[in-house]
Undergrad: 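Sharing a structure below in structure tokens format, with a few things to ask.
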Amino acid sequence: MTASTTVFVSGATGFIAKHVVKDLIKKNYNVVGSVRSSEKGDHLAEQLNSDKFCYEVVADISVPGAFDQCLKNHPEITVFLHTASPFHFYTDNVENDLLKPAIEGTHNALNAIKKYGPQIERVVITSSVAAMASFEQLSNPNHVVNENSWNEINWEKAISNPFDGYFGSKTFAEKAAWDFVKTEKPNFILSTVNPSYVFGPQAFDEDAKGTLGTSAEVITGLLRLRKEEDIPNQRATFIDVRDVSNAHIVAFESDDAKEKRLVLIAAKEFSSQELLDIIHSNFDQFSEVPVGKPGTKSGQDGCIMDTKETLNILKTEFIGLEKSVVDSIQQYSNANN
Ligand code: NDP
């Protein structure tokens, strides 16, 4: 890839995607981002303030042909990063609100590339560790997850509740992408990025105001708790958003990443207690937030993550939990004061 390469980023206004777009521009790539409205596109363009960025409106990735016009308008695109997918648990229609956009969005992206972007060489899809194992398996200290693992979830379980719906959406969407490559034999090479829960600062300080996205809210939600309130029993593996962004770029720049799944996990499971401990040992201003039982991690170690292949490709050390949480809270506090 050269500095004149043009990269398409779907869902460019997302928490992860904004970092990716910012980092791509820093590396001198040209970026075409898809956004849901021209208002959102104009705002992002203002934030980025770069002539290397332009946007296309794709209001809903699940509509057939959603990406066709973007690719017709930009024959210069040679790399396609598909990050857009719904990530929330607030729906009573899992099929429509989570599964359909994730799966159809992926189909629509790949079909558009096949039809209107034969010059596209590399495609990277943002998947998740949710596509690699069930929540129960991810929490089981005897279960091993590596780059070849798949969540065995079926459709029936996926539509039973929003949490499983999200796990299903990521699993079925990623499977659809690998199946597409196998059956359609397109010109491009596919790679995926499979992050754990993503923490870390927003790409722009002003975006740290108010209620944040699903993963960032795990931290900021704790800051709003008061002493008498229950502490949510949250635990999962984590990765910092700056490492996720870097992995998206390595995924298309590196020959070693061709046809690979890059699994991003910085450490064993975090628990709410661990997050509270980090809050209280680094910030005095949150004395109203419950302390819980300091030092008693209140979680298990999680499954065994055997991600040697990913680490060999990325050749980087991941940002640790404490730095990620402290940087997030610092930014959040400044933005909301
Ligand atoms: P965000 O919600 O911040 O970003 C999602 C992006 O997708 C937004 O720009 C959103 O647009 C867009 N989008 C969602 N649904 C549609 C739709 N139907 N049509 C058009 N655009 C749509 O989430 P994240 O940045 O956290 O997530 C980005 C990707 O990373 C997702 O694929 C997610 O599954 C994956 N991921 C995230 C993790 C995390 O912890 N954050 C962990 C593992 C994977 P808008 O905001 O305008 O609705």
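Whatever order the structure lists ligands and atoms in, that order sets their numbers, starting from 1.
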Undergrad: Specify side chain, backbone, both or neither for Ser127, according to which of its non-hydrogen atoms lie closer than 4.0 Å to ligand 1.
TA: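 Backbone only.
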Undergrad: Give me the residue, atom name and distance of the protein heavy atom closest to atom 36 (N) of ligand 1.
TA: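 Of the protein heavy atoms, Tyr166 OH, 3.5 Å lies nearest.
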Undergrad: Applying the salt bridge (Lys or Arg N to Asp or Glu O under 4.0 Å) test to Arg261, which of Glu309, Glu174, Glu147 qualifies?
TA: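 So, applying the salt bridge (Lys or Arg N to Asp or Glu O under 4.0 Å) to Arg261 and each of Glu309, Glu174, Glu147, only Glu174 qualifies.
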Undergrad: Using a 4.0 Å heavy-atom cut-off, which part of Thr83 comes near ligand 1: side chain, backbone, both, or neither?
TA: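 Backbone only.
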Undergrad: Is the shortest distance from a Lys or Arg side-chain nitrogen in Glu253 or Lys27 to a carboxylate oxygen in the other one below 4.0 Å?
TA: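 Salt bridge: yes.
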Undergrad: Would you tell me which option among Arg36, Lys170, Lys100 has the nearest heavy-atom contact to atom 13 (N) of ligand 1?
TA: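 The nearest heavy atom belongs to Arg36.
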Undergrad: So, do Phe270 and Phe199 have ring centers that fall under 6.0 Å from each other?
TA: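 Yes; Phe199 has its ring centre under 6.0 Å from that of Phe270.
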Undergrad: With a 4.5 Å limit on heavy-atom distance, are the side chains of Glu269 and Ser139 in contact?
TA: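 Contact flag for Glu269/Ser139 side chains = yes.
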Undergrad: Please confirm whether Phe199 approaches ligand 1 to less than 4.0 Å, judged on its heavy atoms.
TA: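 Under 4.0 Å: no for Phe199.
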Undergrad: Specify whether Phe80 and His82 have parallel, tilted or perpendicular ring planes, treating 30° as the upper limit for parallel and 60° as the lower limit for perpendicular.
TA: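 It falls in the tilted class, 30° to 60°.
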Undergrad: Any nitrogen or oxygen of Pro101, side chain or backbone, less than 3.5 Å from one on ligand 1?
TA: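 In fact, backbone or side chain, Pro101 has no N or O that close.
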Undergrad: Quiz question for you: does at least one protein heavy atom lie closer than 4.0 Å to atom 25 (O) of ligand 1?
TA: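 There is a protein heavy atom less than 4.0 Å from atom 25 (O) of ligand 1.
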Undergrad: I would like to know whether His74 and Cys54 meet side chain to side chain contact (heavy atoms under 4.5 Å, CB included); could you show each step before the answer?
TA: CA-CA 11 Å; His74 295 280; Cys54 67; 3.8 Å; yes
Undergrad: Test your reading of the structure: does Ala12 have an N or O sitting under 3.5 Å from an N or O of ligand 1?
TA: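 Checking ligand 1 against Ala12, no N or O pair falls under 3.5 Å apart.
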Undergrad: Taking only heavy atoms of Val198 into account, list the atoms of ligand 1 that are under 4.0 Å away from them.
TA: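 What qualifies from ligand 1 is 38 (C), 39 (C), 40 (O), 41 (N), 42 (C).
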Undergrad: Does Lys72 count as lying over the ring of Phe67, i.e. NZ or CZ under 6.0 Å from the six-ring centre, within 45 degrees of the axis?
TA: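 Because its charged atom misses either the 6.0 Å distance or the 45° angle limit, Lys72 does not stack over Phe67.
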Undergrad: Is Asp327 salt-bridged to Arg242, going by a charged N under 4.0 Å from an acidic O?
TA: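 Result for this pair is yes, salt bridge flagged.
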Undergrad: Do any N/O atoms on Phe15 end up under 3.5 angstrom from N/O atoms on ligand 1?
TA: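 Right, the criterion is met.
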Undergrad: At a 4.0 Å threshold, what atoms of ligand 1 neighbour a non-hydrogen atom of Ala59?
TA: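 Within the 4.0 Å cut-off of Ala59, ligand 1 contributes 19 (N), 20 (C).
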Undergrad: In this structure, does ligand 1 have an atom that sits under 4.0 Å from one of the heavy atoms of Ser62?
TA: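 Flag not set, Ser62 not near ligand 1.
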Undergrad: Look at the aromatic rings of Tyr90 and His88 and report parallel, tilted or perpendicular, splitting at 30° and 60°.
TA: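 The arrangement is parallel - the two ring planes meet at less than 30°.
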Undergrad: Which of the atoms of ligand 1 are close to Tyr197, meaning less than 4.0 Å from one of its heavy atoms?
TA: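 Near Tyr197, the atoms of ligand 1 are 40 (O).
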Undergrad: Name the orientation class of the two ring planes belonging to Phe286 and Phe283 (parallel below 30°, tilted from 30 to 60°, perpendicular beyond 60°).
TA: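 Perpendicular: the ring planes of Phe286 and Phe283 meet at over 60°.
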Undergrad: Looking only at non-hydrogen atoms, which of Ser10, Ser85, Gly11 approaches atom 5 (C) of ligand 1 most closely?
TA: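 When every heavy atom of Ser10, Ser85, Gly11 is considered, Ser85 comes closest to atom 5 (C) of ligand 1.
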Undergrad: For atom 19 (N) of ligand 1, which protein heavy atom lies nearest, and how many Å away is it?
TA: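 Here the closest protein heavy atom is Ile61 N, 3.0 Å.
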Undergrad: Output the list of atoms in ligand 1 that are nearer than 4.0 Å to some heavy atom of Thr126, sorted by atom number.
TA: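 That gives atoms 29 (C), 30 (O), 32 (O), 35 (C) of ligand 1.
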Undergrad: Report, in ascending order of atom number, the atoms of ligand 1 lying under 4.0 Å from any heavy atom of Ala84.
TA: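 Those of ligand 1 that fall under 4.0 Å from Ala84 are 7 (O).
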Undergrad: Can you pull out the closest protein heavy atom to atom 39 (C) of ligand 1? Residue, atom name and distance to 0.1 Å, please.
TA: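 In this structure, atom 39 (C) of ligand 1 has Phe87 CE2, 3.2 Å as its nearest protein heavy atom.
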Undergrad: Contact between ligand 1 and Ser169 is defined here as a heavy atom of the residue under 4.0 Å from a ligand atom; is it met?
TA: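 No heavy atom of Ser169 comes that close to ligand 1.
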Undergrad: Which of the atoms of ligand 1 are close to Ser215, meaning less than 4.0 Å from one of its heavy atoms?
TA: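 Matching atoms, with element in brackets: 39 (C), 40 (O), 41 (N).
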Undergrad: Going by the order shown, which atoms of ligand 1 are within less than 4.0 Å of some heavy atom of Lys40?
TA: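 Per the distance check, 45 (P), 46 (O), 47 (O).
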Undergrad: For Lys308, I'd like to know if atom NZ has over 12 heavy atoms of other residues, nucleotides or ligands within 6.0 Å.
TA: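 At most 12 heavy atoms, drawn from other residues, nucleotides or ligands, come within 6.0 Å of this atom.
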Undergrad: Looking at Ser128, which atoms of ligand 1 are within less than 4.0 Å of one of its heavy atoms?
TA: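 Matching atoms, with element in brackets: 43 (C), 44 (C).
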Undergrad: So is Asp60 polar-close to ligand 1, meaning N/O to N/O under 3.5 Å?
TA: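 Yes, since at least one N or O of Asp60 sits under 3.5 Å from an N or O of ligand 1.
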Undergrad: Centroid-to-centroid, Tyr197 to Phe238, below 6.0 Å?
TA: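 That pair fails the under 6.0 Å test.
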Undergrad: Which residue and non-hydrogen atom of the protein lie closest to atom 37 (C) of ligand 1, and at what distance in Å?
TA: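 Protein heavy atom with the smallest distance to atom 37 (C) of ligand 1: Ile16 CD1, 3.7 Å.
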Undergrad: Look at the rings of Phe188 and Phe180 and say which category their plane angle falls in: under 30° parallel, 30 to 60° tilted, over 60° perpendicular.
TA: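 Answer is parallel, since the angle falls under 30°.
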Undergrad: Just one of Phe252, Phe53, Phe8 clears the ring-ring contact (aromatic ring centres under 6.0 Å, His included) bar with Tyr29, so which one?
TA: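 Among Phe252, Phe53, Phe8, the one that satisfies the ring-ring contact (aromatic ring centres under 6.0 Å, His included) with Tyr29 is Phe252.
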Undergrad: Of all the non-hydrogen atoms in the protein, which one sits nearest to atom 43 (C) of ligand 1, and at what distance?
TA: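 Looking only at protein heavy atoms, the one closest to atom 43 (C) of ligand 1 is Pro195 O, 3.4 Å.
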Undergrad: Tell me whether Lys209 is salt-bridged to Asp207, with the criterion being a basic N under 4.0 Å from an acidic carboxylate O.
TA: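 Result for this pair is no, no salt bridge flagged.
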Undergrad: Considering only NZ, NE, NH1 and NH2 on the basic side and carboxylate oxygens on the acidic side, decide whether Lys18 and Glu206 come within less than 4.0 Å.
TA: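 Glu206 and Lys18: not salt-bridged.
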Undergrad: Taking 4.0 Å as the limit for heavy-atom contacts, which would you say applies to Ser196 with ligand 1: side chain only, backbone only, both, or neither?
TA: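 Just the backbone.
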Undergrad: Look at atom 4 (O) of ligand 1 and say which protein heavy atom is nearest, naming residue and atom and giving the distance to 0.1 Å.
TA: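 I find the closest protein heavy atom is Gly14 CA, 3.3 Å.
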